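Before any comments, here is the structure.
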Amino acid sequence: MKRALGMDYAEFERSPITFDYEAMMDAHGYSLEDITRIQTKAGVGNTPLLELRNLTDLVRSYAEPGHGARIFVKDEAANMAGSFKDRRASVSIHAAKEKGYAGVIAATSGNYGAAVSSQAARASLMCIICQEAFDSRHVGQPEIIEKSRICEAFGAEVVQMTVGPELFSHMLELLDETGYFAASLYSSFGISGIETLGAEIAREMTALTGAAPTVVVVTHAGGGNTTGTARGLKGAGATSTQIVGASVDLSGLHMASDSDFNRKSFTTGHTGFGVPFATWPDRADVPRNAARALRYMDRYLTVSQGEVFYVTEAMAKLEGLERGPSGNTSMAAAMSLARDLPGDATVVVQETEYTGAGKHHWAQLNFARANGVEVRAGDPADNVPGKSIIIPQRPEQIRAKDSDIAKMRRSYIRNALQHAGEGYLPTDEDVAFLAADTNSTPETVEKTLAALKEA
Amino acid sequence: MTDTIRCEAGDWVEVRYVLLEPADRSASLPADTAAQPLLVWVKGFARDAASGGDEVTVDTMTGRAVTGALTDVNPGYTHTFGRPAPELTHVGRDLRARLAGYRASKAGE
């Protein structure tokens, strides 16, 4: 991995628990200005920030009087390969090119593959994308098949695999075989690439409304989107903006299960990634994950698949924006949040993604039905992940649920302690690190550590 | 299907191979996944003529040589938008009407 990233992670380790996060983030040597320049050259960023007046008024039609925040969206689908992942890929590809690698490899079934493939094509680099694409019957989610297609459209070699975490060890084998650069989703290159998105939102919202946004909603999966956006906002002075993560609730479905694989209608932005990556970020394909969602997330909301599909349809019909499911996960949460906020508050959904055959909500609902998932109109509160998709009958039924973020912080600390090894006693420095890494206080961390000791 | 297809040398094809047999797979898998081999599909230009299911070596887009059983020739994509979900077809009409009603009521205030 050292050869495949041109970066030595050992430099940042301070103890079995603590590492110097900011030093790791700075180690690539690119300033935000450098990254903006790289992205401009790569055709990435500066996407439109749109106010959704119709969706806002729809929410106001059922909100309590005086309530219903203004809803905005950053139309990241306008990026070259159709999502904010272009920001992430552009920095990795720039680094690979600058360091003289012949090609890049990434393991992803999502938009990141399209982004890496597109940026690699522009940089004349070879590209391999490893995808978890099929169950053992060779049946694949239409959304993932579409991702295979777009990667191949950009000239990438796509290695399509059946379900299993061994995807990552195969990626390492391919890195060895080819000597290519590891365009990991979780390297500091990629995460720094998203900081421009947060910075643009802070600047554009201030120009439009006179203030930084009240809330920014981020679709949360592996944590990069949340981390990069929040860092960009803070860096641009938007320190009071609340950062809300949003995921589709797929609880109860095992992410490595062959038979559960096609009972999900979402391939990203769901709790199957959101929870494990927040509570143990270093499960990633790099020694230390630059994406550390708990550091930045003030709230974590979940929505159901049916709510997202309803909002996807509503956005197309009311706002003329036909976009993919990932950003609309945040949009469903944003509609729920906006309802409870005063009318002068602002809520920004920080991304959209492209849609098309396979990624479209019709395709996903047809696929769900074909795989034995019940699709019906009703109250989304009755949704059972993997068994049913309940499409709301009225927008009032869109209600995001708060996840217990304090519990997630405790589980992160437990994981950190476990990985440090049996009998390891955290130092004061470790306590300070854990407090920073969970956006809490040393006292809270001490309390958790004491409780874990007793258990 | 696979027994009827045939490629010539130089054709763009898809091959499949077993990366890991069930016994060699990661220890922590759920039982349904652990019982299955880990399969891989890769596309490339066939080095030789072959029939469906035959072992053939392909040169991939990155120039790697990969050997597997021939599964498809000139492989394409068949994913679609499909038919609309009946649970969603009325959403646009209903929400537009609702928005118009709300705005009319505000205009009268």
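Reminder, nothing fancy here: chain letters follow the sequence lines and each chain counts from 1. We use all heavy atoms of the structure for the numbers below, so side chains are in, but hydrogens, waters and symmetry mates are not. Note that the structure is a prediction, hence the values are computed from the model and not measured.
Note: A/S169 OG to B/L19 CG = 7.5 Å, rounded to the nearest 0.5 Å. In this structure, NE2 in A/H361 is found 10.5 Å from CZ in B/F81, a value given to the nearest 0.5 Å. Here the CG atom belonging to A/D260 is positioned 6.5 Å from the CG atom belonging to B/D32, to the nearest 0.5 angstrom. With values rounded to the nearest 0.5 angstrom, B/D94 atom CG is found 11.0 Å from A/E313 atom CD. If you take CG on A/D57 and NZ on B/K106, they are separated by 8.5 Å, rounding to the nearest 0.5 Å. For the atom pair NE2 of A/H138 and CG of B/L39, the computed distance is 9.0 Å after rounding to the nearest 0.5 Å.
Proximity to chain B (any heavy atom under 4.5 Å) is restricted, for A/A156, to the backbone atoms N, CA, C and O. With a 4.5 angstrom heavy-atom cutoff, A/V158 touches chain B only via backbone atoms. The contact between B/T62 and chain A is made by backbone and side chain atoms together, counting heavy-atom distances below 4.5 Å. Only the side chain of B/P86 comes within less than 4.5 Å of a heavy atom in chain A; its backbone stays farther off. Using a 4.5 Å cut-off between heavy atoms, B/R98 contacts chain A through its side chain alone, with no backbone atom that close. Interface residue B/R103: only side-chain heavy atoms are found under 4.5 Å from chain A. Heavy atoms closer than 4.5 Å to chain B are found nowhere in A/F261, neither backbone nor side chain. With a 4.5 Å cut-off on non-hydrogen atoms, B/L38 touches chain A through its backbone and its side chain both.
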- [ ] Would you please test B/V42 and A/E157 for side chain to side chain contact (heavy atoms under 4.5 Å, CB included) and show each step?
- [x] CA-CA 8 Å; B/V42 171; A/E157 173 184 335; 4.1 Å; yes

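A/L318 approaches B/R96 most closely through the heavy-atom pair CD2-CG, 3.7 Å. Shortest non-hydrogen contact noted between A/R60 and B/Y102 is CB-OH, 3.3 Å. Nearest heavy atom pair, residue B/E87 against residue A/I391, reads CB-CG1, 3.7 Å.
Of the possible polar contacts, none joining the A/N366 side chain to the B/G82 backbone as a donor-acceptor pair under 3.5 Å is found. Put simply, the side chain of B/T33 gets close to the backbone of A/A256: a donor and an acceptor are under 3.5 Å apart. Between the side chain of A/E166 and the backbone N or O of B/S26, at least one donor-acceptor pair lies under 3.5 Å.
Per-residue counts of heavy-atom pairs under 4.5 Å with chain A were compared for B/G101, B/G92, B/G44, B/P84; the largest is that of B/P84. With respect to chain A, the highest number of heavy-atom pairs below 4.5 Å among B/M61, B/R64, B/K43 belongs to B/R64. Ranked by heavy-atom pairs under 4.5 Å with chain B, the first of A/H360, A/E152, A/Q364 is A/E152. For the options A/G356, A/G306, A/G378, heavy-atom pairs under 4.5 Å to chain B are most numerous at A/G356. Between chain B and the options A/A363, A/P395, A/S259, A/A357, heavy-atom pairs under 4.5 Å are most frequent for A/A357. Between chain B and the residues A/S257, A/P142, A/A377, the most heavy-atom pairs under 4.5 angstrom are made by A/S257. When each of A/M161, A/Q393, A/R149 is scored by its heavy-atom pairs under 4.5 Å with chain B, the top score falls to A/R149.
Within residues 129-137 of chain A, the residues that have a heavy atom under 4.5 Å from a heavy atom of chain B are A/F134, A/S136, listed by number.
Within a 6.0 Å radius of CZ in A/R53, no more than 12 heavy atoms belonging to other residues, nucleotides or ligands are found.
Residues satisfying the side-chain hydrogen bond (donor to acceptor under 3.5 Å, both in side chains) test with A/Q160, not counting sequence neighbours, are A/S148.
Counting only heavy atoms from C-beta outward, the side chains of B/V91 and A/P392 never approach each other to under 4.5 Å. Proximity of A/L365 to B/L88: side-chain heavy atoms (C-beta onward) are separated by under 4.5 Å at one or more points.
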